[in-house]
Amino acid sequence: MDETSELTTTDNVTAQNVAEVIAELEQYRERLVQETTETAKRAKLMRVNVMAKLEPELAKIDSALEELRNQQAALSVSNYSIS
């Protein structure tokens, strides 16, 4: 079973798995904003216009992060209850 299918199976998901995915997604979001901003500067584009185009993608990432944080909290509570 590959890593992607493991994370989609709830039986195999741990709070640690979710934390790792959250960290990676946060790094991706930061890198996306930084690289897009740098490229816009080089192309002499206005940051406001570039961020407006980037906003829908950032909203998707933020939504995914919120879902993952909720899942992590639920896993932490269930793990705490079992212990």
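Predicted model, so just to flag it, every value in this text is computed and none were measured.
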inquiry  = By the salt bridge (charged side-chain N to carboxylate O under 4.0 Å, His left out) test, which pairs, at least two apart or in different chains, include something from residues 48-62?
reply    =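 Counting only pairs at least two positions apart or across chains, the salt bridge (charged side-chain N to carboxylate O under 4.0 Å, His left out) contacts touching residues 48-62 are Arg29-Asp62.
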key: side-chain hydrogen bond (donor to acceptor under 3.5 Å, both in side chains) partners of residues 32-41, not counting sequence neighbours, each pair once   =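 Only Gln34-Glu38, Thr37-Arg47 qualify under side-chain hydrogen bond (donor to acceptor under 3.5 Å, both in side chains).
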query = Is Arg31 salt-bridged to Glu26, cutoff N-O under 4.0 Å?
reply =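 No, Arg31 and Glu26 are not salt-bridged.
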ask   = Given side chains that start at C-beta, do those of Leu75 and Val18 come closer than 4.5 Å, heavy atoms only?
value =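 They are in side-chain contact.
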inquiry  = A side-chain contact here means heavy atoms from C-beta on lying under 4.5 Å apart; do Asn70 and Glu66 qualify?
reply    =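 Sidechains of Glu66 and Asn70: in contact.
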ask   = Asn17 side chain to Thr14 main-chain N or O, any donor-acceptor pair under 3.5 Å?
value =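 Yes, the answer is positive, given that a donor and an acceptor are paired below the 3.5 Å cut-off.
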ask   = Between Met51 and Tyr28, is there a shared hydrophobic cluster once you connect ILVMFWY residues whose side-chain heavy atoms come closer than 4.5 Å?
value =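 Result: yes, single cluster for both.
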message = If hydrophobic clusters are built from ILVMFWY residues whose side chains come within less than 4.5 Å, do Val50 and Ile61 share one?
response =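 Each belongs to a different hydrophobic cluster.
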Gln27: partners by side chain to side chain donor-acceptor pair (under 3.5 Å), with sequence neighbours left out =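 Here no residue qualifies.
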Interatomic spacing from CZ in Arg69 to OG in Ser76 - rounded to 0.5 Å =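 Separation between the atoms: 13.0 Å.
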ask   = How many angstroms lie between CG in Leu68 and CD1 in Ile22, if you round to the nearest 0.5 Å?
value =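 It comes to 5.0 Å.
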request  = Would you kindly say whether Glu20 and Gln16 are connected by a side-chain donor-acceptor distance under 3.5 Å?
outcome  =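 There is such a pair (donor and acceptor under 3.5 Å, judged by atom type) between the side chains of Glu20 and Gln16.
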ask   = Which pair of non-hydrogen atoms, one from Gln72 and one from Ala15, has the smallest distance, and what is that distance?
value =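 Scanning both residues completely, I find the closest heavy atoms to be NE2-O, 3.9 Å.
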